[in-house]
Amino acid sequence: MTTPQFPQHVETLADAITVVGIELRTSNTVAAQTIPPHWQRFTEEAVLAHIPARRGDDVFAVYTHFEHAGRDNTGLYSLVIGAAVAPDAPVPAGMVRVVVPASSRAVFGVEKGRFDLVGACWQTIWQRNDLAKTFIAEYEQYRANGDITVSIGLSAANPNT
């Protein structure tokens, strides 16, 4: 069996992304038990259909509100699964709004349609000590055509890693 490859490039997110969706407060110590049911809830409740102001059919899974924001991803954080919306879009009952700030980002590609490889991609990212991660807002983007990317915020002091 070959080790999956996650091609990476650095890009600048010129404008913030506002996402509305359902929130889970969790930590890496229990993520394997808490995140799959959160995705199941997203699917079963047809969350996208309840975000009338969404800017498309892409699904965003935003990791934010880190307990140790700016330092590391230990402790609690929020995972919000939803869709991109205008900054002033209404937030439906039972959902929250989060913002991915404009920033330099390391973007990793996951093989098209291979949701099962997203966890391995994260493992690769967290093992990378050469990335100046911000631990402010990281996200997975699932496009309607099957493309999957993982985007990590980079410190302005060292964006070209």
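Model, not experiment: these values are computed from the prediction.
Note that the OG1 atom of Thr26 and the CD atom of Gln33 stand 8.5 Å from one another [nearest 0.5 Å]. Taking CZ of Arg71 as the reference point, atom OG1 of Thr134 lies at 14.5 Å (rounded to 0.5 Å). For the atom pair CD1 (Ile17) and CZ (Arg55), the distance works out to 10.0 Å, reported to the nearest 0.5 Å. Asn145 contributes atom CG, which lies 10.0 Å from atom CD1 of Ile148 (distance to the nearest 0.5 angstrom). Rounding to the nearest 0.5 Å places CG of Leu79 at 8.0 Å from OG1 of Thr34. Put simply, CD on Gln123 and CD1 on Ile125 are 10.0 Å apart, with the number rounded to the nearest 0.5 Å.
Checking side-chain atoms of Arg54 against main-chain N and O of Ile51 turns up a donor-acceptor pair under 3.5 Å. Side chain of Glu138 to backbone of Gly153: a donor-acceptor contact under 3.5 angstrom is found. Side-chain N or O atoms of His50 include none that pairs as donor or acceptor with a backbone N or O of Ala93 at under 3.5 Å. One N or O on the side chain of Ser103 and one on the backbone of Pro101 form a donor-acceptor pair closer than 3.5 Å.
Tyr63 and Trp122 have perpendicular rings, their planes meeting at more than 60° on a 0 to 90° scale where under 30° would count as parallel.
In terms of the salt bridge (charged side-chain N to carboxylate O under 4.0 Å, His left out) criterion, Arg97 has no residue partners (sequence neighbours excluded). For Phe108, the ring-ring contact (aromatic ring centres under 6.0 Å, His included) test picks out no residue, with sequence neighbours left out.
When every heavy atom of Phe135 is checked against every heavy atom of Phe66, the shortest pair comes out as O-CD1, 3.1 Å. Heavy-atom minimum distance, Pro90 versus Ala53: CD-CB, 4.4 Å. The shortest heavy-atom contact between Leu154 and Arg105 is CD1-C, 3.9 Å. In plain terms, the two heavy atoms of Asp58 and Ala144 that are nearest each other are OD1-N, 3.6 Å. Taking both residues in full, the closest heavy atoms of His38 and Ile22 are given as NE2-O, 3.2 Å, listed atom of the first, atom of the second, then distance. Considering all non-hydrogen atoms of both residues, Gly75 and Glu67 come closest at CA-OE1, 3.4 Å.
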I'd like to know whether Tyr142 forms a ring pair (Phe, Tyr, Trp, His ring centres under 6.0 Å) with Trp39, so could you lay out the CA-CA distance, the side-chain angles of the two residues, the decisive distance to 0.1 Å, and finally the verdict.
CA-CA 13 Å; Tyr142 299 87; Trp39 275 104; 5.3 Å; yes
Evaluation steps, side-chain contact (heavy atoms from CB on, under 4.5 Å), between Val110 and Phe115:
CA-CA 8 Å; Val110 176; Phe115 306 103; over 6 Å; no
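A continuous path of hydrophobic side-chain contacts links Ile35 to Val47 [ILVMFWY only; heavy atoms under 4.5 Å]. Val91 is not connected to Val19 by any chain of hydrophobic side-chain contacts under 4.5 Å among Ile, Leu, Val, Met, Phe, Trp and Tyr, and they are in different clusters. Val62 and Phe42 fall into different hydrophobic clusters, defined by Ile, Leu, Val, Met, Phe, Trp and Tyr side-chain heavy atoms under 4.5 Å apart, directly or through other members. Note on Val10 and Leu131: same hydrophobic cluster, where clusters join Ile, Leu, Val, Met, Phe, Trp and Tyr whose side-chain heavy atoms are under 4.5 Å apart, directly or indirectly. At a threshold of 4.5 Å between side-chain heavy atoms, the hydrophobic network of Ile, Leu, Val, Met, Phe, Trp and Tyr places Val100 and Leu24 in two separate groups.
No side-chain heavy atom of Ile81 sits less than 4.5 Å from a side-chain heavy atom of Arg41.
No side-chain donor-acceptor contact under 3.5 Å links Ser151 and Thr149. Gln141 and Tyr139 share no side-chain donor-acceptor pair at under 3.5 Å.
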